Amino acid sequence: MSPERECHDNEDVMESIDELKERLSSMKRMMEERKAAGSGTKDLFQGQARSLHGTTMIDGNFLSFVFGGSLAIILSVSVYAFYNLYHAVLKKFPSTHTEL
């Protein structure tokens, strides 16, 4: 690579770093303004729909019930499959008793 090209790439990197620093400082400034206005960081991620605020249709108990039910279904299907597999193997390879 030529020295002019390296210098040009270095300048591009420095410009992008400066842009990122500027964006970061503006975001920090916005956060400070929101904190000063009384709206905390929780309000930043709530979205804009005011009609959905306060609706907690899916809470921890509901999720526990759903995941517990899913686990029960998975376990029961697994037991059923292994039970049928076990009996299919016994049917395919019967053990012959010669004791009597």
Side-chain angles (χ1 to χ4, degrees):
M1 230 189 300
S2 67
E4 294 101 21
R5 175 113 175 127
E6 288 180 12
C7 182
H8 184 60
D9 289 343
N10 196 13
E11 288 175 5
D12 289 341
V13 169
M14 291 304 288
E15 286 178 13
S16 64
I17 290 174
D18 290 337
E19 289 174 6
L20 288 174
K21 284 181 181 179
E22 184 178 322
R23 286 176 54 194
L24 180 62
S25 64
S26 68
M27 289 299 289
K28 284 182 180 179
R29 205 172 332 118
M30 285 175 50
M31 292 293 288
E32 293 294 329
E33 290 172 2
R34 285 209 172 207
K35 283 184 182 178
S39 61
T41 56
K42 182 182 176 189
D43 294 337
L44 290 175
F45 305 106
Q46 289 296 322
Q48 301 299 323
R50 295 290 178 207
S51 63
L52 296 177
H53 286 284
T55 58
T56 56
M57 186 173 165
I58 299 177
D59 60 351
N61 291 332
F62 181 73
L63 284 177
S64 297
F65 178 73
V66 168
F67 287 133
S70 301
L71 180 65
I73 290 171
I74 290 170
L75 289 176
S76 63
V77 168
S78 299
V79 167
Y80 177 75
F82 281 111
Y83 175 79
N84 283 333
L85 179 64
Y86 176 74
H87 283 289
V89 169
L90 284 181
K91 189 176 182 181
K92 179 76 175 174
F93 304 107
S95 61
T96 56
H97 295 284
T98 57
E99 302 88 38
L100 298 175

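Quantities reported herein were computed from a predicted structural model and do not represent experimental measurements. All residue numbers in this chain count up from 1 along the given sequence.
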| task | Nearest 0.5 Å please: distance from the CE atom of Met30 over to the CE atom of Met27. | result | 5.0 Å
| task | Would you kindly confirm whether Leu75 and Tyr80 end up in one hydrophobic cluster when ILVMFWY residues are joined by side chain heavy atoms under 4.5 Å apart? | result | no
| query | To the nearest 0.5 Å, what is the distance between NZ (Lys21) and CG (Leu24)? | reply | 10.0 Å
| task | Could you grab the distance from atom OG of Ser25 to atom CD of Glu32, nearest 0.5 Å is fine? | result | 12.0 Å
| task | Rounded to the nearest 0.5 Å, what's the gap from OG on Ser76 to CG on Leu71? Could you check? | result | 9.5 Å
